[in-house]
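Working notes, beginning with the structure itself.
Small disclaimer: the values here were computed from a predicted structure and weren't measured. Chain naming here is simple, since letters A, B, ... match the order of the sequence lines and numbering starts at 1 in each. Computed from heavy atoms alone, side chains included, the values below leave out hydrogens, waters and symmetry copies.
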Amino acid sequence: MSADSLLAAATTPGIADLLLEFGVVLFVLGIAGGLIRRVGLSPVPLYLLAGLILGEGGFVGLDASTGFLRVGAELGLILLLLTLGLEFSSDEFTSVLRRHVPSGVVDFALNAPPGAIAGWFILDSWVGALVMGGVTWVSSSGIVARVVHDLGRLANRETPSVLAVLVLEDIVMAAYLPFVAVVVVGGSFAAIAIAVTASVTAVLVVILGSRHFGERIGRRLTDAEDEQVLLRVLGITLIVAGLTTLLDASAAVGAFVVGLALTGQAAERSRALLSPLRDLFAAVFFVSFGLSVDPGTLPPVLLAASVLAAVTLVTKVLTGWYAAARDGAGPRGRMRAGLVLAARGEFAVVIAGLAVTAGYEDAGPLTAAYVLILAVVSPILARFGDFFAKPFLAKPVMV
Amino acid sequence: MDVVETLLPGVGRRYEFGLDDGQRLCIVSTRDDHYIVSTFDRNDPDVGLTLFELDEDEAVTMAEILGAPRIAVKLADLTREVPGLASEQVEIADGSTFDGQTLGDTQLRTRTGSSVVALVRDDRVLASPEPSQDLVGGDVLVVIGTTEGIAKARSILETQ
């Protein structure tokens, strides 16, 4: 492109509108997010709210930047899953698998059914049941890890079990996400089976392979200056995500696998380089999910979402209670574990996002309302775990 | 001493052990090499109370003060406990091939199966040196492995 046409493109009214809209949205979210962080809450519900307000049927309509937001949201999803994969090493997977598989089973058995039942009745289909089961099952790794950190609980006895539950959910997501991605587009039984087998195999191969080759591949990939490392890692991730999309297995899974494959120094470096980018595009992803939901559709599902939130708050507390008890924590530690785990966030939105894109639009408002409630309520309640545990203490504690 | 080590996925590692006076101590080492040292609440023994936090340099200083010189002694005990495992000290002579190179350049682990667990320079002991650690003449490496492995390591390190 010549300099003249570049200049022309830069000054077209479309671009100006896009820059203005996107800039205002980011700036307002940055200011509001600061306030929200000050009171110890996650910005995720804020992003969703912003999307609802800005979207179709909302108070202010965005139009110039919707195309850009759609691409940005896809990047956000990929970066969320990539950094999630980078978080965990295969050592951590194996240590969690050795100790906490029963916690993972309890987690699934208690938390997926309420959502599945709600999905069956409210969304009126077994696909709805499958999707909503996932929504209520999976805690928000982002919110939970943040709250544990903010409340200074890293040294607490219940914390390893809390993190173990998150890791287990994330492992299972590697199989569940492609499954949902295929099912919502209405694939045949064979297509579903192939997609799931392929992605589970890919994840297993990568987890095992990264123990042996991860270090070497990672060193090749990250043996350069920051700028080149960023481009290489992001490039590889997009390629793999593109390939998995071609195979109908959702870009998210491909990105997750790349994250898992990078270990040690390479993972650490990529994490540091990619997290600012992840923060930006994850915000776009959440806003964009909010945009896809018409706020007018929220009030009718508000009651159902509240009941579902209340029920699955209790089931998550039971999950945390069980998991923390396995690590020898007392009633207060168990209660703290349960309440902090109750936050649902990015994964719920990712799952519902797959369904909405595939035409199950009813999953959108229900999930949005549900996540808005639990992403706010859980971090607040988590502060008062000791209070809620009082009835379970055997005897009054002498000071 | 009975140190319980737990992985904290996404965070780092957590070590916990009991003190003679009945208190318990917990050290969380995060991935970005911060160390959070805590005791536990008397009312709720599951709650960690942070005593202090150390960054990488501070932790190294503290470790040196507290115990690195004792590592060699500990190693001797360890090799006595595991049959077939030996530990020896090998000096990098002045003018050795590896004078001025890094520990990684020696490729000791790949070539001999033995590991360098500490490096003694003057009267300072560096525990678990990284492959990027530079070597200079006069350094003493504490090598641990099988007797044959150590002999091989010695012949590699002593090439001029």
### Message
Using 0.5 Å steps for rounding, measure from the CZ atom of Arg334(A) to the CG atom of Asp46(B).
### Response
8.5 Å
#### Entry: Between OG1 on residue Thr94(A) and CG on residue Leu7(B), distance to nearest 0.5 Å
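The CG atom of Leu7(B) is 8.0 Å from OG1 of Thr94(A), to the nearest 0.5 Å.
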### Task
Could you tell me which residues in residues 154-161 of chain A have at least one non-hydrogen atom under 4.5 Å from a non-hydrogen atom of chain B, sorted by residue number?
Leu154(A), Ala155(A), Asn156(A), Arg157(A), Glu158(A), Thr159(A), Pro160(A)
#### Entry: Presence of salt bridge, Asp44(B) and Arg336(A), under 4.0 angstrom
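Answer for the salt bridge query: yes.
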### Task
Mind listing the closest non-hydrogen atom pair of Pro9(B) and Val96(A) along with its distance?
CG-CG2, 3.8 Å
### Message
Counting only non-hydrogen atoms closer than 4.5 Å, can you tell me which residues of residues 21-32 of chain B sit against chain A?
### Response
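Cys26(B), Val28(B), Arg31(B) fall under the 4.5 Å cut-off.
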For [X], is it the side chain, the backbone, both or neither that has a heavy atom under 4.5 Å from a heavy atom of chain A?
{"X": "Thr50(B)", "result": "neither"}
{"X": "Ile36(B)", "result": "side chain"}
{"X": "Phe40(B)", "result": "side chain"}

### Query
chain B heavy atoms under 4.5 Å from Leu86(A): which part of the residue, side chain, backbone, both or neither?
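When you check distances to chain B, only backbone atoms of Leu86(A) fall under 4.5 Å.
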### Toward chain B, the part of Ala329(A) with a non-hydrogen atom under 4.5 Å
both
